[in-house]
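Just so it is clear, the values below take in all heavy atoms, side chains as well, and ignore hydrogens, waters and symmetry mates. Each residue takes its place number in the sequence, starting with 1. Every value quoted in this text rests on a predicted model; they were computed, and no experiment measured them.
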Amino acid sequence: MKNIHPEFAYQSRELGVQIEDTLGDPPDRKTYDKVIRSLIGEFANGFEIDDLNLLSFALADYLRFDDPAGLLAQAADYEEGDAAKVLKMVSCGNAEANIALEVVADANPELARKAIITAFLFKNPKRWTDEDNSLDALQKDEGNEDEEDEDQITTGHNIDHLFDTRGDENV
């Protein structure tokens, strides 16, 4: 399991919610496919939709991840990465989806990079782990619980140092 950047984990979860919402309950694959085709068409025609989740949503079913280890390594940094390298790590099984990816990559390579990594993480949830930001994990990171907490005062604890020893001389 590899830790990834928290923003990629968030985007991957959001992609899952978006797909689930679009499919509906009960799942309507026909409507879902229509939405995907429409998005792919918009991206392929150069319509500037600067939305990471919409792009990853449109491409997720068409991307083939040719270098999973490389994509996982790229998922470590959200803000900076090598878009050209990431683009070489995938291929598209659909001609129009491939055109859409190329058009977006030419216009906004960072958006394409982030969308590819997000789609990869969504499709491969067992390959990575999210940072554990639970209270228990944060407390473990703070140090050993057996150590005395300096802020806690117990009965019989010497507290003389907390009081002013000079008394009225301060006036």
Side-chain angles (χ1 to χ4, degrees), residues 1-25 27-138 140-142:
M1 288 280 189
K2 180 160 174 73
N3 275 347
I4 61 167
H5 192 280
E7 185 64 23
F8 276 126
Y10 171 78
Q11 294 297 339
S12 177
R13 286 190 303 271
E14 286 295 305
L15 176 58
V17 169
Q18 190 170 14
I19 289 172
E20 192 175 291
D21 287 349
T22 303
L23 277 170
D25 189 24
D28 182 359
R29 190 69 190 186
K30 193 174 183 180
T31 302
Y32 175 81
D33 291 340
K34 191 185 298 182
V35 169
I36 296 295
R37 282 193 309 274
S38 176
L39 283 171
I40 291 288
E42 293 295 325
F43 283 115
N45 289 329
F47 188 73
E48 290 187 36
I49 306 172
D50 192 21
D51 187 297
L52 168 64
N53 265 327
L54 282 180
L55 182 59
S56 56
F57 176 56
L59 294 173
D61 291 335
Y62 297 111
L63 290 175
R64 284 190 303 255
F65 307 107
D66 303 326
D67 184 0
L71 288 167
L72 262 176
Q74 289 289 321
D77 192 355
Y78 184 79
E79 294 301 326
E80 295 180 22
D82 190 343
K85 196 180 216 181
V86 169
L87 284 164
K88 290 177 184 173
M89 296 178 190
V90 297
S91 54
C92 278
N94 177 285
E96 193 171 15
N98 193 48
I99 292 168
L101 181 58
E102 289 174 2
V103 168
V104 173
D106 287 343
N108 191 342
E110 270 304 295
L111 178 64
R113 177 187 76 84
K114 290 175 182 177
I116 290 168
I117 294 170
T118 299
F120 169 75
L121 295 172
F122 171 73
K123 291 288 190 171
N124 297 279
K126 294 186 191 273
R127 290 182 179 253
W128 58 276
T129 182
D130 196 0
E131 250 183 51
D132 187 0
N133 291 321
S134 68
L135 185 57
D136 292 337
L138 293 174
K140 282 182 184 177
D141 288 345
E142 284 183 6

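- Proximity of Leu72 to Phe120: side-chain heavy atoms (C-beta onward) are separated by under 4.5 Å at one or more points.
- The line from CG of Leu55 to CG of Asp50 is 9.5 Å long, rounded to the nearest 0.5 Å.
- Rounding to the nearest 0.5 Å gives a distance of 4.0 Å between CG of Asp61 and OH of Tyr32.
- Closest heavy-atom contact between Ile36 and Phe57: CD1-O, 3.3 Å.
- Annotation for Glu48: atom CD does not count as buried by contact number, only 12 or fewer foreign heavy atoms lying within 6.0 Å.
- The structure places CD1 of Ile117 at 9.5 Å from OH of Tyr78, a figure rounded to the nearest 0.5 Å.
- When every heavy atom of Ser56 is checked against every heavy atom of Ala115, the shortest pair comes out as CB-O, 3.4 Å.
- Minimum interatomic distance between Phe122 and Gly16 (heavy atoms only, all atoms of both residues): CE1-CA, 3.3 Å.
- Taking CG of Leu52 as the start and CZ of Phe8 as the end, the distance is 7.5 Å to the nearest 0.5 Å.
- Distance check: Leu101 CG to Phe43 CZ gives 10.5 Å after rounding to the nearest 0.5 Å.
- A heavy-atom distance below 4.5 Å is found between the side chains of Leu59 and Ile40.
- Put simply, the side chain of Arg113 never gets that close to the backbone of Ala105: no donor and acceptor are under 3.5 Å apart.
- Remark: Asn94 CG to Arg64 CZ distance equals 10.0 Å, nearest 0.5 Å.
- Here the rule is side chain to side chain contact (heavy atoms under 4.5 Å, CB included) with Ile19, and of Val17, Thr22, Leu23, Asp21 only Leu23 fits it.
- A pairwise comparison of heavy atoms in Ala9 and Ile4 identifies N-CD1, 3.7 Å as the closest pair.
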In residues 79-86, what donor-acceptor pairs under 3.5 Å come from side-chain atoms, sequence neighbours left out?
unit_1, atom_1, unit_2, atom_2, d
Asp82, OD1, Ala84, N, 3.3
Asp82, OD1, Lys85, N, 3.2

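- Across all non-hydrogen atoms, the minimal contact from Asp66 to Val90 is OD2-C, 3.4 Å.
- Here the shortest heavy-atom pairing between Phe65 and Ile116 reads CE2-O, 4.0 Å.
- Gln18 and Glu14 are not linked by any side-chain donor-acceptor pair at a separation below 3.5 angstrom, with hydrogens and angles left out of the test.
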